[in-house]
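Working notes, beginning with the structure itself.
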Amino acid sequence: QRMPWNPVEALASEFQVIVMDQRNAGQSSAAVSAEDGWHCYCDDHLALLDELGIERCHLLGACIGGSFILSLLQAAPERFPSAVLLQPIGASNDNRETFSDLFDGWAEDVGDHFPHMGDADWSAFGKRMFGGEFAYSVSPDFVRSVETPLLVLMGNDIYHPQATSREIAALAPNGTLIEQWKASEESVRSAQQQVLEFLRAHTP
């Protein structure tokens with residue numbers, strides 16, 4: 001609902017749209033440990049699809065959703081005929097402290113629910129999530145191997161660096177980049193239509 005256009009409203013007339021309530025982010029809760037990382041969220045996504053009996057589907061994610069998507073393509077590429085990444089997050093020289101502060105703020109908000117987690121545990125969890133390079137959840141070398149068609153709508157701020165979007169689209173053998181997609185009402189409508197056509201084209 002906070003996107004320039006709402007993917008649920010835009011896609012529901014042609015597609016079944018599943019919106020996942022991420023663990024410990026909305027109303028869903030799960031245990032937390034120092035060993036947690038991207039694999040936990042990936043397992044959640046796959047378990048939800050299994051529970052719903054959905055063998056194959058497209059992926060669409062904004063912000064951290066881009067890193068979730070890349071994790072899923074690494075774990076089970078055969079299940080996803082295409083993916084749309086809207087302003088994916090990524091590491092840069094300018095945002096290390098930004099993401100560290102973001103994680104620390106989240107940990108402080110939910111910390112009372114997990115009294116077993118000490119400072120060292122939260123630190124280990126945070127480094128596993130946001131201590132890496134590139135798109136955090138996977139390496140550039142992995143993206144070079146991704147045959148799945150990717151449509152990347154470029155980010156343009158400290159959380160969603162332009163360089164990350166450009167690199168993902170350039171490295172992926174079947175990557176496509178949309179640079180201007182939220183500068184005006186016209187560009188928003190155009191991007192929305194391009195996403196719809198992309199998903200149609202790659203629906204088996």
Side-chain angles (χ1 to χ4, degrees), residues 3 6-8 10-26 28 30-31 33 35-91 128-130 132-155 160 164-178 181 191-204:
M3 295 296 296
N6 187 323
V8 179
L11 302 175
S13 63
E14 294 190 33
F15 296 91
Q16 178 188 23
V17 182
I18 300 166
V19 184
M20 183 169 179
D21 184 32
Q22 211 64 249
R23 59 163 57 201
N24 302 320
S28 298
S33 77
E35 289 73 41
D36 282 2
W38 293 101
H39 62 285
C40 298
Y41 298 93
C42 182
D43 289 346
D44 286 349
H45 283 94
L46 293 174
L48 177 61
L49 292 175
D50 290 343
E51 177 68 19
L52 296 175
I54 294 173
E55 186 61 33
R56 300 189 77 203
C57 66
H58 300 293
L59 299 171
L60 185 147
C63 188
I64 197 173
S67 295
F68 290 146
I69 284 172
L70 294 173
S71 289
L72 285 164
L73 294 178
Q74 188 173 51
E78 70 284 354
R79 297 186 70 164
F80 308 109
S82 78
V84 180
L85 290 73
L86 295 90
Q87 55 188 39
I89 60 171
R128 194 168 285 108
M129 291 295 293
F130 300 114
E133 304 293 334
F134 185 49
Y136 296 117
S137 63
V138 299
S139 69
D141 282 342
F142 168 71
V143 177
R144 289 189 183 94
S145 73
V146 174
E147 297 293 338
T148 306
L150 304 182
L151 183 64
V152 183
L153 280 67
M154 189 170 72
H160 321 98
T164 301
S165 295
R166 292 186 185 280
E167 191 170 3
I168 291 172
L171 291 174
N174 296 302
T176 301
L177 179 68
I178 299 177
W181 66 282
Q192 180 177 320
Q193 185 61 30
Q194 289 178 79
V195 168
L196 190 56
E197 291 173 357
F198 175 81
L199 294 176
R200 285 172 181 158
H202 296 291
T203 298

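Taken from NE2 in His45 to CD1 in Ile18, the straight-line distance is 10.5 Å, to the nearest 0.5 Å. Taking CG of Asp141 as the start and CZ of Arg144 as the end, the distance is 5.0 Å to the nearest 0.5 Å. Taking OG of Ser139 as the start and CG of Leu171 as the end, the distance is 9.5 Å to the nearest 0.5 Å. Rounded to the nearest 0.5 angstrom, Tyr136 OH and Thr164 OG1 are separated by 7.5 Å. Here the CD atom belonging to Gln16 is positioned 9.0 Å from the SG atom belonging to Cys57, to the nearest 0.5 angstrom. For the atom pair CG (Leu177) and CG (Leu85), the distance works out to 11.0 Å, reported to the nearest 0.5 Å.
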Throw together a table of side-chain donor-acceptor distances under 3.5 angstrom for residues 65-79, partners on residues two or more places apart or in other chains.
unit_1, atom_1, unit_2, atom_2, d
Ser67, OG, Ala135, O, 2.7
Ser71, OG, Ser67, O, 3.3
Arg79, NE, Glu55, O, 3.1
Arg79, NH1, Asp50, OD1, 2.9
Arg79, NH2, Asp50, OD1, 3.0
Arg79, NH2, Ile54, O, 2.7

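Side-chain atoms of Arg23 never come within 3.5 Å of backbone atoms of Tyr41 as a donor-acceptor pair (strictly under, hydrogens ignored). Of the possible polar contacts, none joining the Ser82 side chain to the Pro149 backbone as a donor-acceptor pair under 3.5 Å is found. A donor-acceptor contact shorter than 3.5 Å links the side chain of Asn174 to the backbone of Glu147. Asp36 places a side-chain N or O within donor-acceptor distance of the main-chain N or O of Ser33, the cut-off being under 3.5 Å.
Considering only heavy atoms from C-beta on, Ser165 stays 4.5 Å or farther from His160 through its side chain. In this structure, the side chains of Pro88 and Val152 come closer than 4.5 Å at one or more pairs of heavy atoms. Counting heavy atoms from C-beta outward, Leu49 and Phe80 have side chains that approach closer than 4.5 Å.
Nearest heavy atoms, Arg56 versus Pro204: NH1-CG, 3.4 Å. A pairwise comparison of heavy atoms in Phe198 and Ala83 identifies CE2-O, 3.6 Å as the closest pair. Across all non-hydrogen atoms, the minimal contact from Glu35 to His39 is O-CE1, 3.2 Å. The minimum heavy-atom distance linking Ile168 with Val143 is given by the pair O-CG1, 3.8 Å. Contact record, Asn6 with Val8: OD1-N, 2.9 Å, taken as the closest heavy-atom pair. Closest approach of Ala191 and Leu153 over heavy atoms only: CB-CD2, 4.1 Å.
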_Steps toward side-chain contact (heavy atoms from CB on, under 4.5 Å) verdict (Val195, Leu60)_ = CA-CA 10 Å; Val195 168; Leu60 185 147; 4.0 Å; yes
*Would you please test Thr148 and Leu59 for side-chain contact (heavy atoms from CB on, under 4.5 Å) and show each step?*
CA-CA 11 Å; Thr148 306; Leu59 299 171; over 6 Å; no
*side-chain contact (heavy atoms from CB on, under 4.5 Å) between Cys42 and Leu46, worked out*: CA-CA 6 Å; Cys42 182; Leu46 293 174; 4.1 Å; yes
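Between the side chains of His58 and Thr203, at least one donor N or O sits under 3.5 Å from an acceptor N or O.
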